[in-house]
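One structure is given below, encoded as structure tokens.
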Amino acid sequence: MVGVFAVAAVRPWTALAAAWNKDAFGAKTSADALKGIGAVGAAPSGDIHVEAPEIAENGAVVPIEISSAVPGTSSIAVVIDKNPFPLVAKFDFLEGALPFVKVNVKMNETSEVRVIAQAGGKSYVATKEIKVTIGGCGG
Amino acid sequence: MRTLLAAALVCAAAPALADPTDKQVEEVLKRDLHPRGQATMDRIEQDELQRACTDAHDNPSPALAKRLEAEQMRTIRYPEGSLIGDWKRGEALAQSGRGLTWSDKPGAPSGGSCYNCHELSPSELSYGTIGPSLRRFGKTRGNGPEVQKYVYGKIYNAKAYSACSQMPRLGTSGTLTPEQIKDLVALLLDPGSPVNQ
Amino acid sequence: MRRAAAVLFALVASTALAQDAGKEIRRYREMVAEGSPAELFELGGEALWKRPQGPKNVSLEKCDLGQGPGVVKGAYARLPRYFGDADRVMDLETRLVYCMQTLQGRSSEEATAHVFGTADEPSEMESLSAYIAGQSHGVKMQPGISHPKEKAAFELGRALYFHRTGPWDFSCASCHGQEGKRIRLQELPALSERKYAGPVAASWPAYRISTSQFITLQWRMNDCYRQMRMPEPTFGSDATVALILFIAATGAGETYAGPGNKR
Amino acid sequence: MAAGPMKMRATLAPAGYTDIRVLMTHPMETGQRKDADGKLVPMHFIQNVTVKVNGKPAVEAQISQGVSRNPVFTFRLKGGARGDNIEVSWIDNHGETASIEAPVA
């Protein structure tokens with residue numbers, strides 16, 4: 001496999017004014033976080049695929065791969081119930097992007113992880129429990 | 001950090017040796033390790049048991065094992081009264097891998113490192129397998145005075161029961177206090193302990 | 001995948017639950033390995049290799065890692081080995097310190113002041129190791145085992161591996177002595193056997209997920225001695241190089257697959 | 001450690017989409033971790049990540065301190081062609097930014 005590599009150059013932020021949903025990311029409960037992203041009452045859906053280990057030997061790095069088969073998915077958000085700030089990320093997929101993302105997240109402890117997909121003004125959710133354990137000697 | 005690359009360059013002139021003896025290995029350790037925190041250089045000195053087990057590759061003859069075990073048995077001190085402490089404190093001790101390293105605070109209480117090698121409570125999935133599973137230990141073996149004495153002694157000095165065991169001598173080495181060992185006995189034997197559920 | 005999964009060993013579990021746990025942990029490690037930041041350390045190490053430093057203000061680009069001055073490709077796969085100019089067996093880090101002293105004019109103290117990095121302050125040594133090791137990816141590992149000093153280092157390494165001492169009576173083999181054992185959930189390869197030593201040697205140095213740090217075999221020896229409750233091994237000392245050569249030589253013939261990922 | 005190197009790989013997958021994997025050097029401090037001296041390390045994390053294809057935004061992400069240190073993301077784009085220019089940039093809560101560009105291989 002041949003990749004293309006380049007090194008970053010620090011340069012001025014050129015995108016449109018970067019928006020960051022302070023209220024949603026500052027929420028301390030999943031319920032408030034969901035409210036913050038307009039996903040109250042999300043309907044459970046089998047069309048959101050969450051690929052993640054059931055046990056993570058380190059809460060500092062928990063890999064999660066998400067794809068949505070809900071037609072017209074425009075965003076995917078990750079909410080971890082037991083984290084101090086449950087909303088971890090929200091990805092908006094514009095024209096040309098597939099509703100897919102793989103990301104490593106932190107988990108303070110064993111918790112339900114909710115993945116929210118939004119499509120056509122509606123919200124859908126899939127949940128998965130991930131256990132966090134101690135990997136090695138603990139010293 | 002202390003280094004000795006320069007010194008090592010000089011030491012490299014030492015003659016090549018096939019199959020170094022325990023004494024030669026000890027000399028290398030004295031030269032190439034340095035004290036840090038509570039990990040002092042006297043820890044490099046092998047005692048008779050360590051030397052015998054090194055030489056036997058942890059597989060001593062039955063006669064040697066019997067002699068070593070008898071010597072180790074004499075180091076065990078049993079406290080007065082009950083040998084059963086508090087299993088809740090025992091569970092915390094079993095979880096903790098702290099104690100005696102150069103990065104541990106000298107004088108701070110040590111843990112037992114039990115989960116590093118043994119399965120105990122069913123709720124802890126992250127357990128090691130160097131030692132046998134201790135699930136339902138009290139339930140299958142009972143918790144009478146003889147079993148209490150055995151468990152206390154085994155934790156205090158595992159070598160009294162198996163000369164070249166890989167389990168540390170947690171009492172003899174001063175790692176755990178008699179009170180802590182009693183708490184671990186409770187973790188294994190108390191009917192209320194999660195180990196026996 | 002180039003950074004294919006970290007080395008995984010058969011796991012003997014006592015219960016079905018533990019077997020599932022083992023399977024899930026393997027899956028966890030595979031998923032983490034796919035996005036290893038080890039590559040970021042390789043980039044950083046390459047820049048350090050080329051950066052003029054020390055009293056002589058020169059880079060390490062002329063450092064002879066055993067394949068001739070400046071040859072990085074495949075060099076790691078031949079280490080540790082005997083170096084005539086230093087008249088000693090050296091592993092990668094020991095050799096790098098030697099080059100920092102001889103080429104850049106740096107003191108041993110300065111060159112080794114910060115050899116074990118943290119997430120906040122990665123060490124020069126660890127980044128350089130990432131870069132140089134990465135340049136041996138796919139190369140068959142053949143450390144030095146023919147020179148008399150290489151043979152002596154191997155014998156010393158083996159003796160150290162089985163030498164029991166310290167307040168907890170540990171040798172390396174206390175943990176790494178039997179097949180299929182683990183500490184907590186961490187598998188413990190029996191490094192005195194070819195089939196375990198090979199994949200392990202081929203996966204170091206590595207990115208450590210739990211501490212976001214890049215770690216080397218010198219770090220591994222140091223931290224094992226810490227957990228053995230022993231005094232601290234001096235960086236680059238003959239004892240550490242001997243142990244590293246013992247493991248590398250035991251596993252010789254494996255194709256280098258790192259830099260790897262550790263828990 | 002502040003912002004360091006980024007690394008990106010953009011490849012055309014046989015299944016007909018473009019696969020983008022990007023690595024970022026960033027501490028992603030939660031504001032709850034103590035340093036060696038016992039002092040709280042201030043919150044410092046990437047807030048926005050943008051993926052552009054030939055100058056046009058394709059993914060806009062908002063992230064929190066709950067993303068792991070040295071973040072790595074994989075994204076997928078519909079179709080795509082060799083040579084398409086992919087640019088990934090981020091900005092953190094201190095206003096620091098970095099970006100990386102590479103053509104699809």
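This is a predicted model, so every value here is computed, not measured.
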Identify which of C:A159, C:A153, C:G166 forms the greatest number of heavy-atom pairs closer than 4.5 Å to chain B.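 That would be C:G166.
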Quick check for you: among C:A239, C:C175, C:P231, which has the greatest number of heavy-atom pairs under 4.5 Å with chain B?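 Option with the greatest count: C:P231.
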Take C:Q227 and B:T101 through the test side-chain contact (heavy atoms from CB on, under 4.5 Å) and record every step on the way to the result. CA-CA 6 Å; C:Q227 297 194 56; B:T101 73; 5.5 Å; no
What's the verdict on side chain to side chain donor-acceptor pair (under 3.5 Å) for B:Q166 and C:S174, showing C-alpha distance, side-chain angles and the deciding distance? CA-CA 6 Å; B:Q166 302 302 340; C:S174 292; 2.7 Å; yes
Can you tell me how far [atom2] of [Y] sits from [atom1] of [X], rounded to the nearest 0.5 angstrom?
X	Y	atom1	atom2	answer
B:D47	C:D169	CG	CG	6.5 Å
C:M228	B:L100	CE	CG	14.0 Å
C:F162	B:T54	CZ	OG1	10.5 Å
B:W102	C:R226	CH2	CZ	7.0 Å
C:I25	B:S126	CD1	OG	7.5 Å

Given heavy-atom pairs under 4.5 angstrom as the criterion, report whether the side chain, backbone, both or neither of B:E124 touches chain C.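 It is the side chain, since no backbone atom gets that close.
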Given that the side chain runs from C-beta out, which part of B:S165 has a heavy atom under 4.5 Å from chain C: side chain, backbone, both or neither?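 Interface part for B:S165: backbone (N, CA, C, O).
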List the steps, then state whether side-chain contact (heavy atoms from CB on, under 4.5 Å) holds for C:H163 with B:Q50. CA-CA 8 Å; C:H163 188 83; B:Q50 292 170 339; over 6 Å; no
Is any side-chain heavy atom of C:L160 less than 4.5 Å from a side-chain heavy atom of B:L29?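 Yes, side chains in contact.
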Go through B:H34 and C:T234 one step at a time and tell me if the side chain to side chain donor-acceptor pair (under 3.5 Å) criterion holds. CA-CA 7 Å; B:H34 55 262; C:T234 298; 2.7 Å; yes
Step by step, would you call C:I183 with B:I130 a side-chain contact (heavy atoms from CB on, under 4.5 Å)? CA-CA 7 Å; C:I183 276 189; B:I130 297 173; 3.7 Å; yes
Donor-acceptor contact below 3.5 Å, side chain C:R229 vs main chain B:G99: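 Yes.
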Please answer whether the main-chain N or O of B:C164 pairs with a side-chain N or O of C:R164 as donor and acceptor at a distance below 3.5 Å.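 Answer holds: yes.
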Hey, which of B:H118, B:M167, B:K159 has the most heavy atom pairs under 4.5 Å with chain C?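 When all of B:H118, B:M167, B:K159 are compared, B:K159 has the most.
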Which one wins on heavy-atom pair count under 4.5 Å against chain C: B:S103, B:A39, B:P168, B:C117?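 So the answer, after comparing B:S103, B:A39, B:P168, B:C117, is B:P168.
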Determine whether C:T240 and B:D32 satisfy the following criterion, side-chain contact (heavy atoms from CB on, under 4.5 Å), listing intermediate values before the conclusion. CA-CA 8 Å; C:T240 56; B:D32 288 358; over 6 Å; no
A cation-pi test, strictly: NZ or CZ of C:R182 under 6.0 Å from the centre of the six-membered ring of B:Y127 and no more than 45 degrees from its axis. Yes or no?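 Geometry flag: set, cation within 6.0 Å and 45°.
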Is it true that, when you exclude B:K66 itself, more than 12 heavy atoms of the residues, nucleotides or ligands shown sit nearer than 6.0 Å to its NZ?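 Check fails, neighbour count at 12 or below.
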Of the backbone (N, CA, C, O) and the side chain (C-beta and beyond), which part of C:F170 lies under 4.5 Å from a heavy atom of chain B, both, or neither?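 It is the side chain, since no backbone atom gets that close.
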Intermediate values then yes/no, side chain to side chain donor-acceptor pair (under 3.5 Å), B:R43 and C:T165: CA-CA 7 Å; B:R43 295 186 179 185; C:T165 183; over 6 Å; no
